[in-house]
Amino acid sequence: MKKMLLSCFALACMAGAFAQGYPNAEATNPEKMQWQKGFPPAPDKTLHAADGSYFNFPGLRYSVNHMQEFSPTRTVPAAKEKLYTVKTKYDPNIDSIRFIPWDSDKEMTFAESLDANYTDGIIIMHKGKIVYEKYPAGLKPDGVHAAMSVSKSFTGTIAAILEAEGVLDPSKTVSEYIPELKGSGFADATVRQVMDMTTAIQYSEDYNDPDAEVWKYSAAGNVFRPADYKGPQNYYEYLATVKKIDGQEHGEAFGYRTVNTELLAWINSRVTGKGLTELVSEKIWKPLGAHYDGYYQVDPSGIAFAGGGFSLNLRDMAMFGEMMRNGGKLKGKQVIPAQAARDIACGGSDAKYQAAFAKGGEYPKLDGWSYHDMWWITNNPHGAYMARGVHGQAIYIDPAAQMVIARFASTYLASNKYIDPLSIPAYEAVADYLMKK
């Protein structure tokens, strides 16, 4: 029964629960697997949303490129005019860059890492040009792909924009903006604590625990429910049920909780009177000159899944990262306020953010990192920062190397805890190479 209640996010995390026995990237290429081919497809080649099979590996390698086939969605309109332009100057040497994955003593080439991470598409930009672009499986250059929790960084960017515009005050409490949550565990948290995921809420995303709060959250957002379901009808109703942890205060420790993003999106909408898809289109996608419409999955009430529901084009995502690298500008045009871009890139470098991240204890391998505005801050010598999503989605921005990496993937391991050992050192090795160019 619980599998019927899973949201896309929960299914994504469950799909990577078992690391053994999966075929390699070549064998699971969705074109080779022939998912959804035929009229109708053969029973063993048919994926279903209601039972969650569409997000079980290796079927997820197809579904990440076709989320509209399995869920109701709302469009994020792209630009109709003044589309961005970008030059390409491909560097064949990038494939042969070598690095050593974490917890390993064996070198790997960047080209080898693509299949090791089940990469669907990847772009590397250097000094504003695309120097590397490949689509190994499923994704096409004009296609869109599920960004998973990279979606969170779009929600955080909208909040940073609204703060820069004077529309949103992060020092105010949640209940000041959302009176409906006065009785919830979020009530006395500040918006800043929501933006940085330091809320002390009683909420677990442990998918191995049948009593974890994530199941009720997932059910609230799922359009496939049993007839006797009587829980919260949408994300907003679920947020009102969240409790605070007894004896803990907000702001002390980082805790990666998707419900914080759902709440921040609600706050963004409350202060502007506009939904998330409209805000992303008006504040980012159209000013950026994005070429392709994106879309968000929505819950039964039509509320966009802010924590992981965005699907978008790879080049558009890379250009979003390039705009962020340039302080909110693209081709000399200020797309988002410079203050917003600066706060995202640098605002989390303060020692208090690193202390809160370390106290959370969830990512011991990310030593010295922090989290701010729903972006991951490495605090490494290059000042790199990231947007990250399960199954390998990433935007990696390295200001010192003048580099942006945008990647879509569909690895069988969901959590970035398993993906980082291959990904982060690979990105750093490419940055070191480009620094010499």
Side-chain angles (χ1 to χ4, degrees), residues 149-164 168-174 185-186 188-201 203 205 244-245 248-265 267-268 306-307 321 324-325 327-328 336-389 394-400 415-417 420 423-424 427-428 431:
S149 288
V150 168
S151 308
K152 292 180 171 67
S153 297
F154 280 87
T155 302
T157 300
I158 293 294
I161 292 170
L162 297 177
E163 178 186 1
L168 180 65
D169 181 355
S171 68
K172 286 188 174 182
T173 63
V174 168
F186 288 114
D188 60 341
T190 65
V191 175
R192 167 51 59 200
Q193 289 160 348
V194 174
M195 292 169 72
D196 298 340
M197 291 210 189
T198 58
T199 52
I201 55 171
Y203 176 87
E205 287 186 6
K244 190 175 180 181
I245 300 174
Q248 291 192 23
E249 297 300 322
H250 298 301
E252 293 181 352
F254 167 72
Y256 188 71
R257 308 289 182 264
T258 300
V259 289
N260 284 297
T261 312
E262 303 305 335
L263 173 53
L264 184 60
I267 294 169
N268 290 343
M324 295 298 297
R325 183 185 75 81
I336 71 171
Q339 175 187 326
R342 184 170 54 251
D343 186 58
I344 289 168
C346 306
S349 60
D350 190 283
K352 68 179 181 181
Y353 288 103
Q354 295 181 54
F357 190 91
K359 188 173 182 179
E362 295 181 40
Y363 296 89
K365 289 187 179 295
L366 304 184
D367 185 34
W369 286 44
S370 57
Y371 192 85
H372 185 67
D373 290 340
M374 301 211 165
W375 286 78
W376 300 78
I377 316 300
T378 72
N379 295 304
N380 71 9
H382 287 195
Y385 57 105
M386 289 189 71
R388 293 148 52 89
I395 306 172
Y396 186 89
I397 302 170
D398 187 318
S415 173
N416 279 294
K417 293 178 182 179
D420 288 341
S423 300
I424 304 300
Y427 299 159
E428 292 174 340

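What you see is a predicted model; the values in this text were computed from it and never measured.
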Verify, without hydrogens or angle tests, whether [X] (side chain) and [Y] (backbone) share a donor-acceptor contact under 3.5 angstrom.
X: Glu262; Y: Gly307; value: yes
X: Thr155; Y: Ala265; value: no
X: Ser149; Y: Lys152; value: no
X: His250; Y: Ala200; value: yes

Nearest heavy-atom pair of [X] and [Y]: which atoms, and what distance?
X: Tyr385; Y: Ala345; value: CE2-CB, 3.6 Å
X: Gly360; Y: Ala253; value: N-CB, 4.1 Å
X: Asp196; Y: Phe254; value: O-CD1, 3.7 Å
X: Gln354; Y: Gly368; value: OE1-O, 3.2 Å
X: Ile397; Y: Gly321; value: CD1-O, 3.7 Å
X: Ser370; Y: Gly348; value: OG-O, 2.6 Å

Min side-chain heavy-atom separation [X]-[Y] under 4.5 Å:
X: Ile395; Y: Met324; answer: no
X: Glu252; Y: Gln193; answer: no
X: Ser171; Y: Thr190; answer: no
X: Arg257; Y: Thr199; answer: no
X: Glu163; Y: Asp343; answer: yes
X: Asn379; Y: Tyr353; answer: no
X: His372; Y: Met195; answer: no
X: Lys365; Y: Ile424; answer: no

Nearest 0.5 angstrom please: [X] [atom1] to [Y] [atom2], how far?
X: Phe186; Y: Leu264; atom1: CZ; atom2: CG; value: 10.5 Å
X: Met374; Y: Ile158; atom1: CE; atom2: CD1; value: 13.0 Å
X: Thr198; Y: Lys352; atom1: OG1; atom2: NZ; value: 9.5 Å
X: Lys244; Y: Asp188; atom1: NZ; atom2: CG; value: 3.5 Å
X: Trp369; Y: Asn380; atom1: CH2; atom2: CG; value: 8.0 Å
X: Ile344; Y: Thr157; atom1: CD1; atom2: OG1; value: 3.5 Å

Subject >> side-chain contact (heavy atoms from CB on, under 4.5 Å) between Trp376 and Asn416, intermediate numbers included >> reply: CA-CA 12 Å; Trp376 300 78; Asn416 279 294; over 6 Å; no
Original post:
Would Phe357 and Leu366 satisfy side-chain contact (heavy atoms from CB on, under 4.5 Å), going step by step from the backbone distance to the final call?
Top reply: CA-CA 9 Å; Phe357 190 91; Leu366 304 184; 4.1 Å; yes
Original post:
side chain to side chain contact (heavy atoms under 4.5 Å, CB included) with Ser153: which residues, sequence neighbours excluded?
Top reply: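 Scan of Ser153 (side chain to side chain contact (heavy atoms under 4.5 Å, CB included), adjacent residues dropped) gives Trp375, Ala387.
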**OP:** Before giving the answer on side-chain hydrogen bond (donor to acceptor under 3.5 Å, both in side chains), spell out for Tyr396 and Ser423 the whole-Å C-alpha distance, their side-chain angles and the decisive distance to 0.1 Å.
**Re:** CA-CA 10 Å; Tyr396 186 89; Ser423 300; over 6 Å; no
**OP:** Considering only NZ, NE, NH1 and NH2 on the basic side and carboxylate oxygens on the acidic side, decide whether Asp373 and Arg192 come within less than 4.0 Å.
**Re:**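 Arg192 and Asp373: salt-bridged.
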**OP:** Take Val191 and Asp169 through the side-chain contact (heavy atoms from CB on, under 4.5 Å) test and state the conclusion after the steps.
**Re:** CA-CA 8 Å; Val191 175; Asp169 181 355; over 6 Å; no
